[in-house]
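Here the structure comes first, spelled out in structure tokens, and everything after it is commentary.
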Amino acid sequence: MVYLDATHNPNATLLQHLALQGLEAESQCRDGFCGACKCKLVEGDVEYTQTALAFVMPDEVLPCICKPLTNLKITQITYHIKS
């Protein structure tokens with residue numbers, strides 16, 4: 001489970017917020033595979049900046065195209081810790 005204080009940079013996507021905290025989330029946007037970064041939103045609110053190409057359930061989000069509106073609690077995200 002990842003707890004994210006996302007209120008300090010309102011223009012960054014969730015994927016960018018994760019990177020700022022040292023978590024390199026799996027994403028394949030540039031390779032044309034939508035949905036690789038999908039995760040479950042346990043707590044908090046996000047706003048999409050564009051329409052998702054991948055299918056997402058009501059409790060799932062695509063960090064690459066959404067911005068956090070509040071602090072978040074997310075799970076089931078594949079990431080690597082940056083060194």
To the nearest 0.5 Å, what is the distance between CD (Glu26) and NZ (Lys38)? 13.5 Å
Would you say the side chain of Asn9 lies within less than 4.5 Å of the side chain of His17, judging by non-hydrogen atoms? yes
What is the distance from atom CD of Glu47 to atom CG of Leu69, rounded to the nearest 0.5 Å? 5.5 Å
Grab the two heavy atoms, one from Ala54 and one from Cys34, that are nearest each other, plus how far apart they are. N-SG, 3.3 Å
What verdict does the side chain to side chain contact (heavy atoms under 4.5 Å, CB included) test give for Cys37 and Cys64, after you've listed the backbone C-alpha separation in whole Å, the side-chain angles of each residue and the deciding distance to 0.1 Å? CA-CA 7 Å; Cys37 65; Cys64 62; 3.7 Å; yes
Do you know which of Leu14, Ile74, Thr13 makes side-chain contact (heavy atoms from CB on, under 4.5 Å) with Pro63? Leu14
Side chain proximity check, Thr75 to Cys39, heavy atoms < 4.5 angstrom: no
To the nearest 0.5 Å, how far apart are CG in Leu18 and CD in Glu24? 11.0 Å
Decide side chain to side chain contact (heavy atoms under 4.5 Å, CB included) for Leu72 and Glu43; before the verdict, give the C-alpha distance in whole Å, the side-chain angles of both, and the deciding distance to 0.1 Å. CA-CA 5 Å; Leu72 303 176; Glu43 188 176 290; over 6 Å; no
Looking at Lys67 and Thr49, what are the two nearest heavy atoms and their distance? CE-CG2, 3.6 Å
Qualifying residue, where the test is side-chain contact (heavy atoms from CB on, under 4.5 Å) with Cys66 and the options are Leu15, Asp45, Val46: Val46
Do Val61 and Val56 make a side-chain contact, defined as non-hydrogen atoms from C-beta onward lying under 4.5 Å apart? no
Any side-chain heavy atom of Leu41 within less than 4.5 Å of one from Glu60? no
